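First up is the structure itself, then whatever we jot down about it.
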Amino acid sequence: MLYATVAGAALVLILLIAVVAQVDGRRREPPPRSEPTPSQTTLVTRQLSTLPSGLASAEPYSVPPSERCTAVLTEVSSGDLNRIGRVTERSQYNYNNQRLHAAIYSGWANAAVTIDPLAPVGDPSGTSAMQNWELHDGKTVIAVAVVTWRRAGPTSAWLLTQWPEFRSTS
């Protein structure tokens, strides 16, 4: 069910990028960037790579700044239900499931397993963005989560729409 929601959100994002590209009428080149290694290829990257070349080069819209992402990752890694609750809009889990996920996030931090965010991709409204989070054990990516960010308006704080749910890469 979560994958269907993420896939649907990605389709909406793709259509919005297409509309903006047609309205603008100019082709925009993406900034130079290094190619990800095969172990770092994630869902959003795969979805963007399947776009026609003109659409894949559209500039990203307003996205959560790296400082906000770092702050949210700190709260998630804390394992504290209240701290995680303050950086999420809502939760799809009941209280016991929240406790379980919070304990898992905290356990990863205690075991020196890190969560590393990739660059977010925003939508034209500037109030929604998708981002891949990779779970690293050293240099190895062991799991990936696609997170959706939302904010009420241009000056509102970016919040996660749900608690991150990581899927194994193997």
Side-chain angles (χ1 to χ4, degrees), residues 2 5-6 9-10 12-14 16-17 20 28-37 39-49 56-93 98-99 101-167 169:
L2 178 61
T5 302
V6 170
V12 169
L13 177 62
I14 290 167
L16 289 171
I17 291 171
V20 170
R28 297 177 184 160
E29 295 300 323
R33 60 186 237 201
S34 63
E35 293 297 318
T37 61
S39 66
Q40 294 174 324
T41 303
T42 56
L43 295 175
V44 171
T45 305
R46 280 187 221 129
Q47 290 168 346
L48 290 177
S49 68
S57 65
E59 287 181 7
Y61 293 89
S62 183
V63 294
S66 61
E67 308 82 47
R68 178 60 181 167
C69 190
T70 300
V72 169
L73 283 170
T74 300
E75 300 302 324
V76 168
S77 298
S78 74
D80 182 301
L81 292 176
N82 292 324
R83 289 174 63 183
I84 297 169
R86 284 193 296 265
V87 295
T88 55
E89 285 185 348
R90 61 182 178 278
S91 175
Q92 72 277 31
Y93 302 114
Q98 290 177 18
R99 289 178 54 212
H101 277 74
I104 291 169
Y105 302 153
S106 178
W108 288 337
N110 291 337
V113 175
T114 59
I115 300 172
D116 296 316
L118 299 183
V121 177
D123 73 7
S125 71
T127 59
S128 181
M130 290 178 64
Q131 185 178 38
N132 285 333
W133 285 6
E134 295 179 337
L135 189 64
H136 285 254
D137 184 7
K139 292 185 178 183
T140 305
V141 178
I142 57 176
V144 176
V146 177
V147 296
T148 303
W149 294 84
R150 296 230 193 283
R151 64 181 176 170
T155 59
S156 301
W158 285 97
L159 301 172
L160 297 178
T161 59
Q162 297 179 7
W163 290 39
E165 191 167 326
F166 286 83
R167 306 269 187 225
T169 56

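Note that the coordinates shown come from a computational prediction; the quantities given were computed from them, not determined experimentally.
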Could you verify whether a donor N or O on one side chain and an acceptor N or O on the other, from [X] and [Y], lie under 3.5 Å apart?
X: Thr161; Y: Arg150; value: no
X: Arg151; Y: Ser62; value: yes
X: Gln131; Y: Trp149; value: yes

Which residues share a ring pair (Phe, Tyr, Trp, His ring centres under 6.0 Å) with Trp108, sequence neighbours left out: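 Ring pair (Phe, Tyr, Trp, His ring centres under 6.0 Å) list for Trp108, sorted by chain: Tyr105, Phe166.
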Backbone of Thr127 reached by a side-chain donor or acceptor of Ser125 within 3.5 Å: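 Yes, because the side chain of Ser125 sits within donor-acceptor range (under 3.5 Å) of the backbone of Thr127.
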Identified side chain to side chain contact (heavy atoms under 4.5 Å, CB included) partner of Glu75 from the options Asp80, Val87, Asn82, Thr70: Val87
Determine whether [X] and [Y] make a side-chain contact, defined as any pair of heavy atoms from C-beta on separated by less than 4.5 Å.
X: Arg83; Y: Thr74; value: yes
X: Leu118; Y: Glu134; value: yes
X: Arg167; Y: Glu165; value: yes
X: Ile142; Y: His136; value: no
X: Pro117; Y: Asn132; value: no

Find the distance between [atom1] ([X]) and [atom2] ([Y]) and round it off to the nearest 0.5 Å.
X: Glu89; Y: Gln162; atom1: CD; atom2: CD; result: 9.5 Å
X: Ile84; Y: Ser106; atom1: CD1; atom2: OG; result: 8.5 Å
X: Leu160; Y: Thr88; atom1: CG; atom2: OG1; result: 7.0 Å
X: Trp133; Y: Thr114; atom1: CH2; atom2: OG1; result: 12.5 Å

Smallest separation among heavy atoms of [X] and [Y], with atom names:
X: Val144; Y: Val141; answer: CG2-CG1, 4.0 Å
X: Ser77; Y: Ile115; answer: OG-CD1, 4.3 Å
X: Ala129; Y: Val63; answer: CB-CG1, 4.2 Å

Audit row: Arg68, Leu159, side chain to side chain contact (heavy atoms under 4.5 Å, CB included) steps and yes/no: CA-CA 9 Å; Arg68 178 60 181 167; Leu159 301 172; 3.4 Å; yes
